[in-house]
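Inspection log for the structure reproduced underneath, given as structure tokens.
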Amino acid sequence: MNLDFSDDQKLLRDHVRRFLSEKCPPSAVRAILEGPESYDKEVYRGLAELGVLGVAIPEEYGGSGLTHLELCVVAEELGRVMAPVPVSSSIYLAAEFLLAAGSKAQKEAWLPKLANGEAIGTFAMSEGQGRTSPEKIHAKVEGGRLTGTKSPVADGDVADFVIVSARDGGGKLSLYLVNLKGEGVRRERLESIDPTRGQARLSFDRAPAELLGTKGDGWHIASQVLDRAAILMAFEQLGGADRALEMARDYALERMAFGRPIGSFQAIKHMLADMYVSATLARSNCYYGAWALVSGAAELPVAAATARVSATTAFQHCAKNNIQVHGGMGFTWAFDCHLFYRRSNALALSLGSLSTWESQLIERMSAGNAGAAA
Amino acid sequence: MNLDFSDDQKLLRDHVRRFLSEKCPPSAVRAILEGPESYDKEVYRGLAELGVLGVAIPEEYGGSGLTHLELCVVAEELGRVMAPVPVSSSIYLAAEFLLAAGSKAQKEAWLPKLANGEAIGTFAMSEGQGRTSPEKIHAKVEGGRLTGTKSPVADGDVADFVIVSARDGGGKLSLYLVNLKGEGVRRERLESIDPTRGQARLSFDRAPAELLGTKGDGWHIASQVLDRAAILMAFEQLGGADRALEMARDYALERMAFGRPIGSFQAIKHMLADMYVSATLARSNCYYGAWALVSGAAELPVAAATARVSATTAFQHCAKNNIQVHGGMGFTWAFDCHLFYRRSNALALSLGSLSTWESQLIERMSAGNAGAAA
Amino acid sequence: MDFEDTAEEAAFRSEVRAWIKANAPAHLEAELKRANFGSNGVVSEDPIAAGKAWQKKKAEAGWACLHWPKEYGGAARTPIERVIWGQEEGPYAALTGVFTIGHGMCGPTVMAWASEEHKRKLLPPLASGEHIWCQLFSEPASGSDLAGLRTRAVKADDGSGDWIVNGQKIWTSGAQHSDWGLLITRTNPDVPKHKGLTMFFLSMTSPGVEIRPIKQANGASGFNEVYFTDVRIPDAQRLGEVGQGWEVSLTTLMNERLSIGSGMSTGFPELFRFCMEAEIEGRPAVEDAAVRSRLAQIAVKQSGLKYTGMRAISALSKGETPGPENSIGKLVAGAAMQDLAIFALDLQGEAGVVWDDDSPQQGRFQAMLMRSPATRIEGGSDEILRNIIGERVLGLPGDIRVDKEVAFRDIPTSGRAKPK
Amino acid sequence: MDFEDTAEEAAFRSEVRAWIKANAPAHLEAELKRANFGSNGVVSEDPIAAGKAWQKKKAEAGWACLHWPKEYGGAARTPIERVIWGQEEGPYAALTGVFTIGHGMCGPTVMAWASEEHKRKLLPPLASGEHIWCQLFSEPASGSDLAGLRTRAVKADDGSGDWIVNGQKIWTSGAQHSDWGLLITRTNPDVPKHKGLTMFFLSMTSPGVEIRPIKQANGASGFNEVYFTDVRIPDAQRLGEVGQGWEVSLTTLMNERLSIGSGMSTGFPELFRFCMEAEIEGRPAVEDAAVRSRLAQIAVKQSGLKYTGMRAISALSKGETPGPENSIGKLVAGAAMQDLAIFALDLQGEAGVVWDDDSPQQGRFQAMLMRSPATRIEGGSDEILRNIIGERVLGLPGDIRVDKEVAFRDIPTSGRAKPK
């Protein structure tokens with residue numbers, strides 16, 4: 001049994017961590033938070049040059065052809081530093097959609113560019129308020145032209161193309177690839193609780209759209225890819241949870257009140273212990289997810305929902321209590337606590353909200369994978 | 001504004017508290033827990049003699065004709081000492097059913113006996129597992145004879161009569177009064193998590209049953225009476241929560257560890273503070289319920305569910321943490337902590353479980369009483 | 001058990017109601033009702049000027065600082081009359097939020113500790129809204145541990161008897177609008193921490209006072225840092241004796257906790273309304289079992305706080321002192337609001353991340369998400385409040401103190417040094 | 001990332017599996033799988049005798065105490081082999097639960113501190129199941145604060161060198177079945193509490209030892225009180241020096257925490273099964289949104305504990321020492337089980353109060369309700385575990401101690417006296 005990353009994967013982690021600690025300090029995150037840019041182009045280019053974006057993309061499509069385990073390692077590191085880059089949209093989603101359902105031509109057209117960072121892709125499903133479900137998708141494609149509105153679309157303001165779920169002529173849900181630099185596309189950047197990750201509304205008015213995957217198979221493909229992306233996202237959340245815990249622990253050791261470090265008070269000590277507990281549970285569940293991701297296990301849907309629910313819970317918990325441990329300072333703009341708080345709450349909603357994943361987890365377990373978490 | 005009991009009601013409280021502290025110490029509760037009896041006959045007789053059972057029963061039916069506020073006061077005191085007596089069945093339920101829907105003859109036959117403790121009544125609705133709902137009631141009355149099984153029935157093993165929800169000839173839900181000393185009745189005492197309150201299975205085989213209230217009106221009457229009983233029960237739970245908190249506080253002051261009273265450790269101190277918070281919220285919500293109970297306010301259903309949810313939560317919370325504060329000692333049979341723990345979990349289920357009341361609260365608020373808790 | 005006024009209370013209430021109806025700035029009502037965290041909501045005119053104008057009008061009619069003695073600009077009314085006034089003033093109360101600290105905390109401290117001459121000079125313009133006061137207590141290194149403050153006041157060496165103040169305060173609400181400040185300083189670092197403090201009041205326009213707004217995590221700026229560089233304060237502006245500052249500060253803080261409101265909001269009414277409108281799988285969210293369970297638990301908290309407030313008012317109505325129940329308000333409301341906001345965003349699905357005017361209720365839940373962490377910290381963190389409930393309400397022993405008998409300058413200031 | 005054995009592990013596993021298949025008491029399997037809290041579930045024969053028989057069989061075949069040196073009755077196997085053994089032993093492991101404390105805690109302590117002669121005498125019969133050991137540490141007045149123990153050992157005044165012990169121990173599992181006990185005593189109350197302790201082992205049949213079962217809140221009796229009245233212990237049965245008892249006890253307690261299992265159960269599988277069967281409004285409970293949310297949160301805890309255990313096993317498999325992750329197990333599982341039980345009863349409606357064989361799963365949830373409070377206390381309360389995680393895992397400072405430098409007899413024993 002080896003429910004752990006390999007030594008090579010750990011080397012990769014150290015490598016990525018070194019790169020990010022140099023190129024993506026909190027000041028870089030703040031530059032995106034406060035500035036006009038939607039993401040940190042230099043960090044993104046650097047990740048591409050490191051070969052990190054294409055780590056799980058086959059060599060024939062310009063990647064390095066390693067496994068998704070390496071991508072999990074990368075995701076955790078991106079999460080730790082809250083990297084303001086569109087990796088989740090472009091790699092966990094767009095690249096995975098192409099790998100899962102793209103034609104050879106589509107793969108050849110886009111995967112190499114995703115791997116080298118030349119192009120950014122994203123995925124658009126939600127059309128507004130509430131849980132996304134098939135009935136809520138109204139965007140439609142007629143005669144190869146897409147009409148409708150998708151909102152919010154993560155990184156939709158900077159992406160070069162988007163994979164869209166829409167109704168085909170027969171009203172069935174299918175997936176389409178739309179070039180966002182083409183005609184009939186309007187983008188609006190949206191204000192959000194986490195401005196370090198861009199959100200946009202994409203309006204399509206007879207925009208050229210090419211089918212991705214089999215007609216009518218849109219919901220099915222999306223579910224499968226979203227499960228895979230959820231595991232990668234869970235690693236990002238895990239990284240964030242761990243880092244928020246470390247930040248709180250360090251502050252509790254340094255900050256004095258009543259002549260003692262505040263970490264010597266049980267109220268703070270036990271709060272930190274509980275943060276450790278949830279981060280540890282999340283890590284173990286993420287490793288389970290990583291195993292399912294690469295082993296092609298039948299319980300992937302259960303493992304994905306498990307990792308996702310656990311990591312969402314842990315990151316929200318750790319980011320929230322990190323502020324509490326910091327007291328008033330934790331609520332200033334100058335301290336980094338709110339970066340974690342924003343990110344934790346934003347990631348909790350991307351790919352579907354916590355309650356959606358909770359419900360899916362139990363639905364999937366009752367559909368026959370009951371033994372999985374026993 | 002006077003969201004408080006009157007001076008006279010406070011005098012009554014002191015009076016009842018004195019009586020119970022003398023006649024119903026923990027040893028009396030334990031005698032029922034460990035012995036063959038289902039309830040403490042001496043305490044019950046004493047309460048009857050004090051006039052406490054009939055406090056809200058009109059004088060014409062042998063009561064003292066005071067208000068339900070006095071009964072709330074009594075309920076809180078019974079809850080504090082976990083009195084092992086069938087007051088909730090006989091007074092909050094049976095007497096209230098008679099008052100709400102009984103004929104003059106029925107009232108005259110039973111209310112004086114309930115008030116003086118000569119007879120015990122109870123109410124039987126549940127027929128087994130799960131939330132009670134109209135569809136789950138199969139007991140039926142044909143030709144004035146009841147056939148079916150009710151379980152669990154609180155105090156069903158000692159009651160003289162029972163008010164039963166059953167289907168009339170037309171299949172509609174109605175209420176019937178059945179003399180348990182009569183023919184066609186079989187009772188079985190049931191083991192429960194709180195042996196200080198009797199539970200029984202009542203099996204009826206063509207037992208004589210007389211209609212109570214209008215035919216077909218059974219669910220409606222029961223809902224109204226259950227709301228009223230829920231407020232009284234909430235006061236019992238409040239009394240229990242308060243007493244469990246006091247017990248924990250006293251132990252935290254006395255018990256030493258590491259050379260200090262354990263109440264000086266924040267882990268314990270903050271646990272007790274949180275218990276105080278939930279008990280205080282419950283008290284305020286109970287007073288709101290008491291007001292609704294006597295003022296005949298339209299928001300009684302909302303107030304009842306509010307008091308019930310809040311008091312159930314508080315009692316379970318305080319009883320559970322009372323054990324935790326006591327450590328190993330709290331888990332011995334010899335300490336009284338488990339009496340509160342048992343009672344808190346038993347009362348949480350009687351009259352319908354917490355989730356049922358939570359759901360009802362929101363259903364009622366959305367049906368038009370939304371302003372009530374704003 | 002009733003919600004009725006006594007005859008006297010009813011008479012007073014109708015008098016108040018009539019006056020408010022005739023005099024309140026009705027044209028601002030809609031804006032005031034939209035008030036969000038940290039502002040009174042007025043945008044159509046200068047919100048501070050509008051507040052001053054309303055306070056002045058109240059003062060002229062004898063409705064300012066109802067509980068203060070008349071000689072200091074008050075109306076010598078009973079506590080319950082003050083409560084009734086507050087209920088009737090309703091949304092207009094938000095107008096004069098900028099006076100809350102002056103009327104609620106600084107004024108009572110001046111009243112208890114200043115000379116008669118100063119009281120007659122300082123309090124009437126505070127009551128009438130001419131002057132705004134702020135409270136200069138917290139410092140970057142002393143929040144929960146207020147007595148650990150480091151702002152130094154030393155006697156000027158020119159024999160004037162004046163004090164020269166250097167240091168920094170933080171979390172000062174309204175400093176930028178204030179005429180006067182209540183300032184606690186350390187005058188002797190060689191005695192234990194609580195014994196070397198001294199309280200002053202000073203003009204906020206004194207040379208050497210610099211005010212910088214603090215940008216908060218939610219982007220707003222409700223608080224300030226205040227820097228003191230060789231600020232000179234006449235000894236006559238001292239409140240209490242030299243070294244008695246801690247005792248004086250307790251007057252201020254006790255008054256902070258005495259304030260009785262209608263209970264803090266958990267945000268429940270907004271969430272409930274949202275759940276009536278939002279949908280889950282094509283049905284109103286309020287019909288979803290998970291939503292109901294969450295809503296119910298928040299509902300009973302909201303309701304519990306409301307009726308806890310009413311129990312306190314009931315005590316006042318009978319001329320009694322309210323019990324300690326009100327200490328639970330912020331502790332319950334802060335955490336509840338944070339949970340509620342996270343839940344409301346969850347119900348919005350992926351769109352919950354968006355925070356603009358098209359968001360449900362104009363982004364109110366997103367605003368709650370970003371503001372609620374501060375509620376759990378300001379004016380006593382959750383942890384301090386649990387300590388207070390545990391110790392003052394339940395009578396549990398205090399935390400073990402390692403800093404009480406030590407000279408202030410010997411208390412370690414870095415956690416990396418091993419604690420004793 | 002895989003769940004596969006290495007080649008060596010696979011070979012070992014199949015050897016173990018074959019032996020167990022051939023030798024385990026298969027006729028007891030069904031009973032063992034019904035095991036509930038605090039018993040191995042065997043009712044068709046004497047459960048202790050059945051346990052001893054199984055241990056003896058294992059020992060004869062070289063499967064007892066796999067990690068112990070061969071000279072003391074063990075098999076000198078690696079930690080991962082021990083884990084694999086445990087996985088394969090499955091339900092039969094419950095049979096030998098009565099040896100858990102002896103093998104896991106007393107044995108290692110004897111191994112670390114006893115003379116070679118004693119080790120060769122005591123350990124082999126412990127390994128082979130001939131002797132049962134118990135641990136006599138906790139006392140009524142010293143639970144979390146173990147070093148506050150009061151059981152006195154004084155030198156006999158007859159010059160024999162023997163020790164005379166008086167006092168009381170509590171929470172002693174298996175005392176009534178035990179041949180030997182590991183006993184910590186206070187030999188000097190005039191020095192600070194940790195410095196006046198001395199450890200012994202003794203025969204549980206020594207004159208003056210009296211064992212009384214403790215009736216627990218749930219009606220069961222898994223623990224005992226053990227009274228000592230002038231019990232005589234030869235000095236040769238001392239472990240470590242006089243006054244070194246605290247250090248010796250740390251060996252025992254460290255071994256307690258080293259034990260690696262497949263993770264504690266939260267009761268999730270049972271709850272999940274119940275929710276598949278139970279109904280709410282005519283539909284399976286598992287389809288109810290509120291149920292799903294609750295189930296999901298417990299599911300990820302159960303799963304998290306399971307895979308945390310597997311991560312520890314992975315470390316062992318690579319010859320590494322597992323990290324501190326396993327310390328979370330009981331903290332998570334205890335509280336989760338209590339919440340779960342309350343929730344399961346709620347789903348049963350009014351019938352949840354009934355606790356008999358007709359209750360769902362033979363009353364398992366009622367049993368969990370009544371047993372789970374003990375889980376949150378025994379072997380380190382939730383609060384102690386949070387301290388351990390905070391201090392040993394996260395490196396936070398210890399609580400302020402007022403009892404470390406004081407002579408034991410001067411430490412206050414009643415909370416009504418004001419603490420320092």
Side-chain angles (χ1 to χ4, degrees), chain A residues 1-6 9 67 69 72 245 249 252-253 260-261 263-266 268-278 280-288 290-291 293-295 302-303 305-310 313 354-355 357-363 365-366 370-374, chain D residues 1-6 9 80 83 265 268-269 272-273 275-276 284 286-287 289 291-297 299-318 324-325 327-328 331-332 382-383 385-391 393-400:
Chain A
M1 169 170 313
N2 180 28
L3 199 65
D4 196 1
F5 290 101
S6 70
Q9 287 154 356
T67 73
L69 290 180
C72 290
L245 166 58
R249 191 261 322 265
L253 281 169
R260 320 160 35 177
S264 72
F265 288 96
Q266 287 186 336
I268 301 296
K269 187 183 294 180
H270 291 191
M271 194 185 294
L272 288 164
D274 285 338
M275 290 159 74
Y276 175 80
V277 167
S278 61
T280 299
L281 292 171
R283 177 169 299 280
S284 301
N285 283 321
C286 280
Y287 284 21
Y288 169 46
W291 165 79
L293 188 59
V294 291
S295 68
V302 167
T306 299
R308 170 74 177 162
V309 167
S310 189
T313 305
L354 179 62
S355 62
W357 284 100
E358 285 176 345
S359 185
Q360 283 181 355
L361 171 58
I362 300 306
E363 192 172 327
M365 290 181 79
S366 41
Chain D
M1 287 287 177
D2 64 64
F3 294 106
E4 311 300 322
D5 289 329
T6 64
E9 289 166 5
I80 188 68
V83 167
S265 177
F268 177 77
F272 184 77
R273 183 151 50 89
C275 289
M276 293 284 281
V286 78
E287 293 180 13
V291 171
R292 282 193 177 177
S293 175
R294 291 286 287 262
L295 277 177
Q297 285 295 330
V300 303
K301 282 182 183 151
Q302 175 80 46
S303 163
L305 291 183
K306 175 181 173 186
Y307 295 108
T308 298
M310 293 206 175
R311 285 171 56 211
I313 294 171
S314 301
L316 288 180
S317 170
K318 286 186 272 188
E325 298 84 7
S327 56
I328 71 170
L331 180 59
V332 173
D382 287 0
E383 291 67 40
L385 294 176
R386 287 197 184 93
N387 261 11
I388 289 174
I389 293 172
E391 293 167 21
V393 179
L394 299 177
L396 298 169
D399 292 346
I400 301 290

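Chain letters run A, B, ... following the sequence lines, proteins first, then strands; residues in each count from 1.
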Seminar exercise, completed: One option among A/S6, A/S310, A/S278, A/S359 has the most heavy-atom pairs under 4.5 Å with chain D, and it is A/S359
Exercise. Among A/F265, A/W291, A/F5, who wins on heavy-atom pairs under 4.5 Å with chain D?
Worked result: A/W291
Exercise. Which bit of D/V332 comes within less than 4.5 Å of chain A, counting heavy atoms only: side chain, backbone, both or neither?
Worked result: side chain
Exercise. Which bit of D/L331 is near chain A, if near means a heavy-atom gap under 4.5 Å: side chain, backbone, both or neither?
Worked result: side chain
Which bit of [X] is near chain D, if near means a heavy-atom gap under 4.5 Å: side chain, backbone, both or neither?
| X | value |
| --- | --- |
| A/E363 | both |
| A/S355 | neither |
| A/T313 | side chain |

Measuring from atom [atom1] of [X] to atom [atom2] of [Y], what distance do you get when rounded to the nearest 0.5 angstrom?
| X | Y | atom1 | atom2 | result |
| --- | --- | --- | --- | --- |
| A/M1 | D/S317 | CE | OG | 8.0 Å |
| A/M365 | D/M276 | CE | CE | 9.5 Å |
| A/L281 | D/I328 | CG | CD1 | 4.0 Å |
| D/Y307 | A/L3 | OH | CG | 8.0 Å |
| A/N285 | D/Q302 | CG | CD | 10.5 Å |
| A/N2 | D/R311 | CG | CZ | 11.5 Å |

Exercise. Judged by atom type as modelled, is there a donor-acceptor pair below 3.5 Å linking the side chain of A/D4 to the main-chain atoms of D/M1?
Worked result: no
What are the two closest heavy atoms between [X] and [Y], and how far apart are they?
| X | Y | value |
| --- | --- | --- |
| A/L361 | D/A299 | CD2-CB, 4.1 Å |
| D/L396 | A/G263 | CB-O, 3.8 Å |
| A/L253 | D/G395 | CD2-O, 3.4 Å |
| A/L272 | D/L394 | O-CD1, 3.6 Å |
| A/Y288 | D/S303 | CD2-OG, 4.0 Å |

Problem set entry | A/Y287: side-chain hydrogen bond (donor to acceptor under 3.5 Å, both in side chains) partners, not counting sequence neighbours | A/R283
Exercise. Regarding D/D382 and A/H270, is there a side-chain donor-to-acceptor distance under 3.5 Å anywhere?
Worked result: no
Exercise. Looking at D/E9, D/K301, D/R294, D/E383, which one has more heavy-atom pairs under 4.5 Å with chain A than the rest?
Worked result: D/E383
Problem set entry | Max heavy-atom pair count under 4.5 Å with chain A, selected residue of D/N387, D/V393, D/V291 | D/N387
For this session: Before giving the answer on side-chain contact (heavy atoms from CB on, under 4.5 Å), spell out for A/D274 and D/I389 the whole-Å C-alpha distance, their side-chain angles and the decisive distance to 0.1 Å.
Result: CA-CA 9 Å; A/D274 285 338; D/I389 293 172; over 6 Å; no
Side-chain heavy-atom pair [X], [Y] within 4.5 angstrom cut-off:
| X | Y | result |
| --- | --- | --- |
| D/R386 | A/K269 | no |
| A/R260 | D/P397 | no |
| A/S366 | D/F272 | yes |
| A/T280 | D/T308 | yes |

